[in-house]
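This report concerns only the one structure given below.
Values below: every heavy atom of this structure, side chains too, minus hydrogens, waters and symmetry copies.
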Amino acid sequence: MHYLIPMLTSFILVALLVPVMKRIAVKAGFVDRPSTRKIHAAPIPLLGGVAIYIACAAAILLFSRNGNLSYAVLIGGTVLMLTGLTDDWFKTRSRDFPVWPRLIIYIAVSAVPLLFGIQIIGVSNLHFSGMIFFPVWLVWLGTMAWIFGITNMINFIDGVDGLASGIVTIASLALLVAALVKRQEDSALIAGILVGACLAFLAFNFYPAKIFMGDAGAIFLGYTIAVVAVDGAFKSATFISLLVPVLALGVPILDTVIVFTRRLLKGGGLHRADKLHTHHSLMQWGLSQTQTVSFLYLIGALFSLLSIIVVLMGV
């Protein structure tokens with residue numbers, strides 16, 4: 001019940017808030033308009049991410065007892081949600097939000113968890129007892145790189161109905177189980193809140209999507225799950241534990257590696273939007289949206305199961 005009630009709270013809040021946000025978006029013209037790069041044929045409301053943010057923030061404020069973890073998630077998450085919302089507003093006007101302001105904000109926010117003591121400090125020595133502690137510069141670089149990377153990776157895969165919300169649900173479940181096994185209550189609590197929020201949103205976002213989470217939702221979810229991973233799976237600092245979040249988030253990580261490799265080979269910019277993502281390739285091969293998402297769910301579930309096996313091996 002300690003974890004079920006917060007999960008149900010975020011689930012119910014998203015279920016109640018999404019229809020409201022959908023009506024507001026339609027009336028305000030806050031919709032994602034079709035284009036040559038996008039696969040939807042009609043305008044879709046873009047305020048789903050705000051519903052996710054409000055539900056998660058409310059549940060965290062109500063139930064989380066770890067002030068530092070809550071502050072890190074809420075402060076950084078709020079800044080990123082507002083940044084993503086600005087980006088979404090540009091999209092509603094068929095314009096692009098400049099890259100450099102976003103990049104600067106993402107980098108700055110990646111440092112927020114460090115201010116609250118949430119950091120990757122080192123790893124256990126494989127040959128001797130004790131820890132190998134990283135120098136301060138590596139602690140900051142490693143933590144910020146992880147948070148910056150996962151924040152953007154979740155945003156990158158948000159290109160097919162239900163994909164990002166489903167993958168975050170699966171990855172959050174894996175991190176929830178890992179945190180429960182290791183008795184990390186605070187990380188488990190927020191992972192459970194993410195599961196509830198994303199599951200409820202999936203009811204509106206699975207094909208054919210009635211609403212999108214937009215950048216506001218995607219980067220908030222990416223940031224939050226990255227921080228939970230640092231506070232939870234990375235905290236024990238064993239070599240085995242380092243594999244857990246990497247495997248749990250295997251789909252977005254693998255997709256980003258593939259896309260960046262293909263962009264480099266084509267000689268294009270790494271930040272340029274295109275149709276080189278895994279979900280685009282699968283649909284070009286003839287899979288429908290539902291088949292594409294289901295296949296990637298399966299891959300995500302396999303990665304997550306493997307991460308849980310790794311956790312159990314390390315107990």
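Distance alone, capped at 3.5 Å, is enough to place a donor-acceptor pair between the T143 side chain and the I120 backbone. Under the 3.5 Å distance criterion, the side-chain polar atoms of N152 are matched with a main-chain donor or acceptor of F148. Between the side chain of S10 and the main chain of A197, a donor-acceptor pair closer than 3.5 Å is present. The main-chain N or O of S94 is never found under 3.5 Å from a side-chain atom of R33 such that the two would form a donor-acceptor pair. Side-chain atoms of D88 do not come within 3.5 Å of backbone N or O of G214 as any donor-acceptor pair. Counting only distance, with no hydrogens or angles, the side chain of S294 and the backbone of Q291 share no donor-acceptor pair below 3.5 Å. Looking at Q184, its side chain does come within 3.5 Å of a backbone N or O of G232 through a donor-acceptor pair. The main-chain N or O of I211 is found under 3.5 Å from a side-chain atom of N205 such that the two form a donor-acceptor pair. Between the side chain of N155 and the backbone N or O of I219 there is no donor-acceptor pair closer than 3.5 Å. With hydrogens and angles disregarded, no donor-acceptor distance shorter than 3.5 Å links the side chain of S172 to the backbone of T169.
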Applying salt bridge (Lys or Arg N to Asp or Glu O under 4.0 Å), run through D87 and R102 and close with a yes or a no. CA-CA 9 Å; D87 195 358; R102 278 184 292 159; 3.3 Å; yes
L46 and V31: CA distance, side-chain angles, deciding distance, side chain to side chain contact (heavy atoms under 4.5 Å, CB included) verdict: CA-CA 5 Å; L46 258 180; V31 296; 5.9 Å; no
Dump the intermediate steps for side chain to side chain contact (heavy atoms under 4.5 Å, CB included) on F212 and F201, then the final yes or no. CA-CA 9 Å; F212 289 160; F201 186 72; 5.7 Å; no
Show your reasoning for whether side chain to side chain contact (heavy atoms under 4.5 Å, CB included) applies to D158 and I154. CA-CA 7 Å; D158 187 29; I154 297 300; over 6 Å; no
Pair R262-S281, side chain to side chain contact (heavy atoms under 4.5 Å, CB included): steps then yes or no: CA-CA 12 Å; R262 295 173 71 180; S281 297; 2.9 Å; yes
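The shortest side-chain heavy-atom distance between F30 and P43 does not fall under the 4.5 Å cut-off. Under the 4.5 Å side-chain criterion, counting only non-hydrogen atoms from C-beta, Y297 is in contact with I167. Between I147 and M144 there is no side-chain heavy-atom pair separated by less than 4.5 Å. No side-chain heavy atom of W146 sits less than 4.5 Å from a side-chain heavy atom of S110. The closest side-chain heavy-atom distance from S70 to L61 is not below 4.5 Å. Side-chain contact between M7 and L176: present, with at least one pair of heavy atoms (C-beta onward) separated by less than 4.5 Å. Residues I150 and L249 are in side-chain contact: their nearest non-hydrogen atoms beyond the backbone lie under 4.5 Å apart. Considering only heavy atoms from C-beta on, V50 comes within 4.5 Å of L47 through its side chain.
With a 6.0 Å radius and a threshold of 12 heavy atoms from other residues, nucleotides or ligands, F97 has its CZ atom above the threshold. Enclosure of atom CZ in R93 by more than 12 non-hydrogen atoms of other residues, nucleotides or ligands within 6.0 angstrom is indicated. Enclosure of atom CZ in F90 by more than 12 non-hydrogen atoms of other residues, nucleotides or ligands within 6.0 angstrom is indicated.
Taking hydrophobic clusters as Ile, Leu, Val, Met, Phe, Trp and Tyr residues chained together by side-chain heavy-atom distances below 4.5 Å, V18 does not share a cluster with V26. In the hydrophobic clustering of this structure, V227 groups with L141; members are Ile, Leu, Val, Met, Phe, Trp, Tyr whose side-chain heavy atoms approach within less than 4.5 Å, directly or through other members. Taken together through direct or relayed side-chain contacts under 4.5 Å among Ile, Leu, Val, Met, Phe, Trp and Tyr, L296 and L302 form parts of separate hydrophobic clusters. L298 is not connected to L254 by any chain of hydrophobic side-chain contacts under 4.5 Å among Ile, Leu, Val, Met, Phe, Trp and Tyr, and they are in different clusters. Residues W140 and V230 share a single hydrophobic cluster, defined by chaining ILVMFWY side chains whose heavy atoms lie under 4.5 Å apart.
In terms of heavy atoms, I75 sits closest to F116 at CD1-CZ, 3.7 Å. Closest of all the heavy-atom pairs between A72 and I118 is CB-CD1, 3.7 Å. Closest heavy-atom contact between V228 and A191: CG1-CB, 4.3 Å. Annotation for K22 and P45: closest pair CG-CG, 3.8 Å, computed over non-hydrogen atoms. The minimum heavy-atom distance linking L189 with H2 is given by the pair CD1-O, 3.8 Å. Considering all non-hydrogen atoms of both residues, S288 and M283 come closest at O-CG, 4.3 Å.
Applying salt bridge (Lys or Arg N to Asp or Glu O under 4.0 Å) to K91 and the options D215, D96, D32 leaves one that passes, D215.
Put simply, CG on D255 and CD1 on I299 are 12.5 Å apart, with the number rounded to the nearest 0.5 Å. Here the CG atom belonging to D186 is positioned 7.0 Å from the CD1 atom belonging to I190, to the nearest 0.5 angstrom. With rounding to the nearest 0.5 Å, the separation of CD1 in I24 from CG in L17 is 9.0 Å. With values rounded to the nearest 0.5 angstrom, C56 atom SG is found 6.5 Å from L221 atom CG. Atom OG1 in T9 sits 12.0 Å away from atom CD1 in I60 (nearest 0.5 Å). Here F11 contributes atom CZ and L4 contributes atom CG; the two are 11.5 Å apart, rounded to the nearest 0.5 Å.
Between F220 and Y53, the angle of the ring planes goes over 60°, which puts this pair in the perpendicular group of the 30/60° scheme.
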